[in-house]
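Reminder, nothing fancy here: chain letters follow the sequence lines and each chain counts from 1. The model shown is predicted, which means the values in this text are computed figures rather than measured ones.
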Amino acid sequence: MNRIKKKNFVNLFNLADLNLKELGLMEIPEKELYKLSIHQISNLLRSKEVSVVEVVRSVLDRIEEIDSLINGYITINKQKSIARAQELDHILADSSVDFKKNLSLLGIPIAIKDNICTQGMKTTCASQILSNFVSPYNATVVRKLLDQGAIIIGKTNLDEFAMGSSTETSHFGCTRNPWNVNHTPGGSSGGSTSIIAADEAVCALGSDTGGSIRQPASFCGVVGLKPTYGRVSRFGLVAFASSLDQIGPIAKDVTDCSLLMKVISGYDPCDSTSVNRPVPDYEEYLINDVKGIKIGIPQEYFEEGLDKEVEEKIRQAISLFQNLGAQIEEVSLPHTEYAIATYYILATAEASSNLARYDGVRYGFREDQFTDLIDMYEKTKQHGFGAEVKRRIMLGTYSLSSGYYDAYYLKAQKVRTLIKQDFEEAFQKFDVLLTPTAPIPAFKIGEKINDPLQMYLLDIYTLSANLAGIPALSIPCGFSHEGLPIGLQLLAGHFQEEKVLRVAYTFEQNTEYHKKLPKLP
Amino acid sequence: MNYETVIGLEIHAQVLTISKIFCNCSTGFGAVPNSQTCPVCLGYPGVLPVLNRKVVEFAVKAALVINCRINKECRFARKNYFYPDLPKAYQISQYEAPLAEHGFIEIFTNEHEKRIGITRLHMEEDAGKLVHAEGYVSSNKSYVDFNRTGVPLIEIVSEPDLGSPQEARDYLQKLRNILQYLEVCDGNMEEGSLRCDANVSIRPAGSQNLGTKTELKNLNSFRFIQKALEYEVQRQSALIEAGGEVVQETRLWDPEQNKTVSMRSKEEAHDYRYFPDPDLVPLAIDPEWVETIRSTLPELPEAKITRFVQQYQIPRYDAEVLSVTRSLADYYEECAALFPKPKIVSNWMMGEILRELKNRNIDITECPLNPKALAGLLKMMDQGIISSKIAKCVFDEMFTTGKSAEQIVQQKGLTQISNEEELEEIIDRVLAENPVVIEEVKKGKNKALGFLVGQVMKLTSGKANPALVNKILKKKL
């Protein structure tokens, strides 16, 4: 069956605008199912207009067609996805199953960043050292997705061990930005954001340690949310910096983002840092209204280094919110300037310890020519890790060393507390804060890779949220003159995801940016 | 010059929980290598530790009895170093904020009591075990058994309050005894469930400053500990006497050569880069919970010894021996309740029972004689039904067959002959056969009298009541 309903032709670019009841009347070229969102596909599946197998095949065909150009995937889970789709079609045919309550993601092809463990599938962290590693267990988030009927369509590319801001440090080659393939998609979740922009999956998971979901979401023109620290279980997320890492959703729109958030959130007894607190029904907060909402504009985020075009788009967004009835006011986060230094001391310290386990003894890559144990360790790490990972391990090892610990690690912890307090004070007064996600739009591949400091500066607006542990979301808010997406960041207090989702939803409902698609073959 | 010895001990005790400290794998000893492992204790990518509450409970118990102050909040820290038996390349331990601090225990050493300070008690995970066995596998390879990885340990660090190898040994013995009493640790040094490192230095007698210390490792038995410490004290004083200096280093005890050998110098010492483990949240100990735990603590050896001396009027030495383990003390008390001559019970337990347990290499809980059976035997002896000599034979029989004393005495006809007429008849026979000996007795040779008693015993297969035999003999001579 090539055509589902042979009535009229509908331009799929406008599909999002349509009342879903009308979908039954329109014609959907099967091969373009991949362009739809979670809520659109769910409705088609439940009204039996398409099958899960059709959805999966459509996405797999799209990957086949375009991923050699984008290089967003490290592993494509083709055979198992089709088999699972067939099983899910049987479940779908069973009228006794309550799909509203359970299986909220039934038949939805989802891509997982390749630093999140998937049982029986490679989890490489885009590193030579784990290039052959197959996890014996599923991350808690993966189990939750599978429980809700999702299909893990593949594993996406990232900067090696999520260390980077451009997806260029991957052992499997860099990912390209669908809006301009000569540009990076940002990083480290550049694989997940690219494939969503290029419609190679319906939605995806990323991880965010200093901006690794939001910055690439802004570069690729998609929605990405870093949840509150402790909201989503980290069990099965290969640790980079344990006190900063969070898994979060990457989606085509705010609605999908909140659907995914609801599934992956919640207390996990396997993660002592996850918080036992009820998960709200985020969808209920998708209200197109910001009247009376207090939005703070941190002045420190509009200083030197911010691209003029980016600033202009952010200012336009601020005006829009003002017109929609939000109360806008400037605010100061005085310790912002210390965020980068604080972050790079703490994140690298934790990383140096977290990555020590990759020693070639039990799993993963081992250099096979060695003279003794120490030689084996040294050669395995020397050849198994890339330059950026080694740089960060060395930085972290240094700052934890005896004699330096107090001056670096301990001091950074204290500054972290000050940064946290800045936000706590701001959220006494404001519902959300609004900032640019990144200081510039996507840059060219190779442009910054040899200048680590320039690269680190790209995280300047995102990493404070990780230090403070607060939720932050990036949503498209315009395009540069070169046609590259620009992202807007919304931040809220601990466990206030619903606030950023509501404000983001209102913005989306009143703009057209999310409807624009990259021109791809 | 006269030197004073300064020793501090670090004890690692394996905590007797069923499952490991950060995952639910079994802690059982001796299982097939790597059969008790999971992604968490194997340090697989992405796993996280979750603290076993039972470990904290056991650690709090131990901390309470060694008089430590339980900190309101404690933290786990990572101790970073590379070794194949350490899968995460860091050990989760406690560093800046341990569970408990500022404790002490009293030891009885050199005939007097001495208070030994305890610096801290903290929780940590054990590492795995390397297997280099030849023949087991190809001999140029090493293998790792991760069954022990993640087994809970408590580390107890003493102040440098121990003044001699003997004191160190007494302290360790006492601590081991306490932990066994609490059933927090089985104290088995051979299986490694109790391990000990020592810091040793010497200084001129009366000096306030500490000398340079060395750290001794591989002290895996009480004997090694004492010998290693004695050797090390000797080595250090010889070094200083010869005008040299002690170098701060870690030394290993080599039991084959009976000496300590240098393992690594201070310069080669690891920088463990401790920092708080971000995967585990700070642990707040509820004071009410601590009080609940305190209320369940058993009577400890010291209190028991004092009570035994008072209540049973037995020597302190007896009380100490009988209090070595909780089960031995319980056995004693049960038996003494059924046969209320506590010193006799004590003699038999310290003599026959402990000897036989040792011969068979079994524990009091596996003793074929229960306290009631022992009391039965002692009663028969006390009532004169059997002689003490016969009682020992009956005891051996009871130990091997598990029968009661009554059964054995009856079956074998071992009842003591206390009938005067019957005995007189036998004694007359003996006297008639030994006129020469009678002369000797009359000359006052006691040995000769003993011979005559012996002859009577021989004719009665030992069943004659010895007191009665003596009485009759004396009367007749």
**Fill in**
Taking every heavy atom of B:Tyr44 against every heavy atom of A:Pro136, the minimum-distance pair comes out as CD2-CD, 3.6 Å
**Prompt:** Can you name the closest pair of heavy atoms from A:Tyr137 and B:Gly46 and give their distance?
**Reply:** OH-C, 3.1 Å
**Request:** Could you tell me which residues satisfy side-chain hydrogen bond (donor to acceptor under 3.5 Å, both in side chains) with A:Thr209, sequence neighbours excluded, listed by chain and number?
**Result:** A:Asp245
**Message:** By the salt bridge (Lys or Arg N to Asp or Glu O under 4.0 Å) test, which pairs, at least two apart or in different chains, include something from residues 44-61 of chain B?
**Reply:**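 Only B:Lys54-B:Glu57 qualify under salt bridge (Lys or Arg N to Asp or Glu O under 4.0 Å).
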**Item:** Qualifying salt bridge (Lys or Arg N to Asp or Glu O under 4.0 Å) pairs with a residue from residues 392-403 of chain A, counting only residues at least two apart or across chains
**Value:** A:Glu388-A:Arg392
Identify which part of [X] has an atom lying under 4.5 Å from any heavy atom of chain A, answering side chain, backbone, both or neither.
{"X": "B:Tyr90", "value": "side chain"}
{"X": "B:Phe146", "value": "side chain"}
{"X": "B:Pro39", "value": "side chain"}

**Request:** Count the heavy-atom pairs under 4.5 Å between each of B:Pro276, B:Pro87, B:Pro49, B:Ala89 and chain A, then report the option with the highest count.
**Result:** B:Pro87
**Asked** If you tally heavy-atom pairs under 4.5 Å against chain A, which of B:Asp277, B:Val281, B:Asp279 wins?
**Response**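 Among B:Asp277, B:Val281, B:Asp279, the one with the most close pairs to chain A is B:Asp279.
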**Message:** Applying a heavy-atom distance below 4.5 Å, give me the residues of residues 119-130 of chain A that approach chain B, sorted by number.
**Reply:**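 The residues closer than 4.5 Å to chain B, in numerical order, are A:Leu130.
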**Request:** Using side-chain contact (heavy atoms from CB on, under 4.5 Å) as the criterion, point out the one residue from A:Asp268, A:Leu237, A:Asp271 that pairs with B:Leu48.
**Result:**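 Single pass found, and it is A:Asp271.
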